[in-house]
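Shown next, in structure tokens, is the structure this report addresses.
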Protein chains: 2
Amino acid sequence: MGTATSPKGLEGLSLKSLEAFRAIIQSGSATAAATSLGITQPAVSRLLASFEQHVGFALFYREKSRLFPTEEALALFKEVELTLQGAERISLLARNIFNSDLGLLKIVAPNSFIAGPLADVVADFMRQHPRVNISLDTHSPATARELVAHRSADCGFIQLPENHPGLQVESMLQSHTVCALSPAHPLASKGRIEVQDLLGQNLILLGKGRYSRMQIDSIFQQAGVPMKVKLETHTVAIACTFARRNLGVAIVNGMLARQYADNNLLLIPFAPALIYEYGFITSAHAPMSRLTTAFFNHCRQSFGRMQDELIPKA
Amino acid sequence: MGTATSPKGLEGLSLKSLEAFRAIIQSGSATAAATSLGITQPAVSRLLASFEQHVGFALFYREKSRLFPTEEALALFKEVELTLQGAERISLLARNIFNSDLGLLKIVAPNSFIAGPLADVVADFMRQHPRVNISLDTHSPATARELVAHRSADCGFIQLPENHPGLQVESMLQSHTVCALSPAHPLASKGRIEVQDLLGQNLILLGKGRYSRMQIDSIFQQAGVPMKVKLETHTVAIACTFARRNLGVAIVNGMLARQYADNNLLLIPFAPALIYEYGFITSAHAPMSRLTTAFFNHCRQSFGRMQDELIPKA
DNA sequence: CCATATCAATAACAAAATGTAATGAAATGA
DNA sequence: TCATTTCATTACATTTTGTTATTGATATGG
């Protein structure tokens, strides 16, 4: 006969015995407990025996072939229930994480990108994942790169090309370059504006030093068209504001400018075709979290649809 | 290939996987976790795999043959730790219950019994079980019987004989009947007082209607000695108080009177021997709890020792 | 009183979980 | 390059957890 011993650590303790114990207390009999657990009565009997062995003393007294909980069992019951609820919370939390509907998603993106195409995409995502909290910040491209590489942010959007070694880059969307100008402007009636058309025109440009700006400069240079840069600024919004007042032709990212187009501001494709490309960046040091992956897929889908609308056929 | 699924209930969840998960997070590697758990590394690997399968997604990313926790793992970790701590609390509580050093013990006993022999016994028990709370109340014998039978009290002391069907009775201690009297009393010099010695003496008696009183009455009757009951009262303390003032001879329970004996109050054995017997009662409807059992054993031991001192050899 | 039903325990066995030792692959560092 | 470290995998033993069938004790209803 085994000498009764007090429990040491968690040896021999299992969630199943705890569940059986709880079910017996709650239902009042081993048979009913078995039914509620979806197992057979002998299994419950043995799980209970194993728990009793763990604690070292009887939890029920057997009389008239029934089980009656002892004082000790009732004293333990509360703790057991709390622990099982804890285990259930683990499963629940896991399910939420699995469904990516819980957590904090930190995104960095250029200001104009947030104000432009990203706003609706993020808004949609938030509606679809109501319990996800989102942090959406703007930083300089250099800082954004570092934040994402160091995993201080989960992901970001950045203008391509991008070759930071700590970043994983996925091309996310492309946008054509357009000329933004007032309907009163002489070129307003054209369906497409060539570099040559801009000879002598006041230009509104932005992004001095950026790759995309270098591309524009180089196109003018190759075409032998001198640039008459009337206004140099930093945001698409400002560039469009001045174009609307007919102070010149702004050469801007079509997708970012789209929101400013109206009766007083026309957007006309620029030729030769000049593509702005944005990438989705994550850290190369760790795989995306489930939440980030969910957001990535959402972006793929949304931006894909957005682009199909903008550029139906290539 | 298994499609990832979110966790349902507690299926497939085990404390061991949770322990393995916690150990890996805390120690930073599966090998170290294995060491700290006292099992082998492959076992840890598989426990982790089983937990990952339960939650439905990866908890670590494997790179450079190392394990790095994902965001999801860190989010789950807190809950897992709480649950494991809960399980540890179950074991701790069980150990405390096992050692009977936790809980509430409700005792009922006659007032004179508490004031007399029980006080030291309970005090000792409290010292040995510092975290046990004790409720010690006095009720009429009838109420005491009901309280214990209905399990409103865990146990009680009662004068025997006792034959309530709902009670389990264990004889606990016996005490001789003594005469308490002043040193100035004529009988003070005797080593033993017989019934006949009390002929014509003023008597102080108590417990009218009780079994023990009936026994005294019957002894006098059989001896043909008329009783000169000068004072009728209810407690041993009062009976002794008057005996001390030499107002008569009190015939009382020796063990209860013992505490009042001093230079002004002698206790002299009464003959024929008349035994007061006290029983330890518990409910017949349920077995004693561990705590009650521990108290019962403590009483057995303490009263046994006490009785050996009082009546060294029979 | 007896047939019947219920309940818990147990035995015998199948399946799953959990342990082991041995080995392999990949990265690390001397 | 070579020894070491780390994790995954394989093959196998052991323990846990489940099953069905049976038993003994106890109500219950005729």
Side-chain angles (χ1 to χ4, degrees), chain A residues 1-2 7-55 58-70 73 84 87 284-287, chain B residues 1-2 7-55 58-70 73 87 285-287:
Chain A
M1 141 162 350
K8 297 243 170 75
L10 298 177
E11 291 307 314
L13 187 59
S14 81
L15 284 180
K16 305 202 190 206
S17 3
L18 297 185
E19 282 186 284
F21 172 70
R22 174 175 65 175
I24 296 175
I25 296 261
Q26 287 177 336
S27 69
S29 89
T31 309
T35 308
S36 85
L37 293 174
I39 59 179
T40 57
Q41 168 264 316
V44 170
S45 279
R46 222 174 20 183
L47 285 171
L48 171 60
S50 118
F51 188 38
E52 283 184 324
Q53 177 168 7
H54 175 79
V55 300
L59 294 166
F60 294 84
Y61 52 99
R62 283 79 169 164
E63 208 167 81
K64 311 175 203 297
S65 34
R66 293 288 142 82
L67 295 176
F68 299 94
T70 61
L84 286 173
H285 303 121
Chain B
M1 141 165 350
K8 298 243 170 76
L10 298 178
E11 291 307 313
L13 188 58
S14 80
L15 283 182
K16 305 203 187 200
S17 356
L18 297 184
E19 281 186 284
F21 172 70
R22 175 177 64 176
I24 297 175
I25 296 260
Q26 287 176 337
S27 69
S29 90
T31 309
T35 307
S36 86
L37 292 175
I39 59 179
T40 57
Q41 167 265 317
V44 170
S45 278
R46 223 178 13 187
L47 286 170
L48 171 60
S50 121
F51 188 38
E52 283 184 323
Q53 177 167 9
H54 174 79
V55 300
L59 294 166
F60 294 83
Y61 50 99
R62 282 81 171 163
E63 209 168 79
K64 311 177 203 293
S65 29
R66 291 288 190 304
L67 295 176
F68 299 94
T70 60
H285 302 121

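For clarity, every value in this text was computed on a predicted model and none was experimentally measured. By convention in this document, chain letters (A, B, ...) are assigned in the order of the sequence lines, proteins followed by strands, and residues within each chain are numbered from 1.
- Taking atom NZ of residue B:K64 and atom P of nucleotide C:dA26, one finds them 14 Å apart after rounding to whole Å.
- The two residues B:L59 and B:E52 have their closest heavy-atom pair at N-OE2, 2.7 Å.
- Using a 4.0 Å heavy-atom distance criterion, A:A30 is classed as a sugar-phosphate-only contact.
- For B:K16 and C:dA17, the NZ to P distance is 13 Å, given to the nearest whole Å.
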Exercise for the section: Could you please spell out the steps behind the side chain to side chain contact (heavy atoms under 4.5 Å, CB included) verdict for B:S50 and B:R46? Expected result: CA-CA 6 Å; B:S50 121; B:R46 223 178 13 187; over 6 Å; no
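- Distance CZ (A:F68) to C1' (D:dA25): 13 Å, rounded to an integer number of Å.
- Base contact: A:T40 has a heavy atom under 4.0 Å from a base atom.
- A:F60 places its CZ atom 10 Å from the P atom of C:dA9, with the value rounded to the nearest Å.
- Here B:R62 lies in heavy-atom contact (under 4.0 Å) with sugar-phosphate atoms only.
- Sequence order on DNA chain D of the closest nucleotides to A:A43 and A:R66 puts A:A43 first from the 5' end.
- Rounded to whole Å, the distance from CG on A:L37 to P on D:dT17 is 13 Å.
- Heavy atoms only, all atoms of each residue included: B:L67 and B:A30 are closest at CD1-CB, 3.8 Å.
- For the pair A:L48 CG and C:dC7 C1', the computed distance is 14 Å after rounding to whole Å.
- Summarising the geometry of B:I25 relative to B:P69, their closest heavy-atom pair is CD1-CB, 4.0 Å, with the distance given to 0.1 Å.
- In this model, the phosphate group of C:dT18 is approached by a side-chain N or O of B:S14 to a distance below 4.0 Å at OP1 or OP2.
- Closest to the side chain of A:P42, from the set D:dA21, D:dT10, C:dA8, is D:dA21.
- One can place CG of A:L67 at 12 Å from P of C:dT10, the figure rounded to the nearest angstrom.
- Atom CD of B:Q41 and atom P of D:dC7 are 7 Å apart (whole Å).
- When distances run from any side-chain atom of A:R46 to the nucleotides C:dC7, C:dC13, D:dA8, the shortest one goes to C:dC13.
- Of all the heavy atoms in A:L48 and A:R62, the pair that sits closest is CD2-NH2, 3.8 Å.
- Each of C:dT10, D:dA8, D:dT19 was ranked by its minimum atom distance to the side chain of A:S45; first place goes to C:dT10.
- Of all nucleotides listed (D:dA8, C:dG19, D:dG18), D:dG18 comes nearest to the side chain of A:L47.
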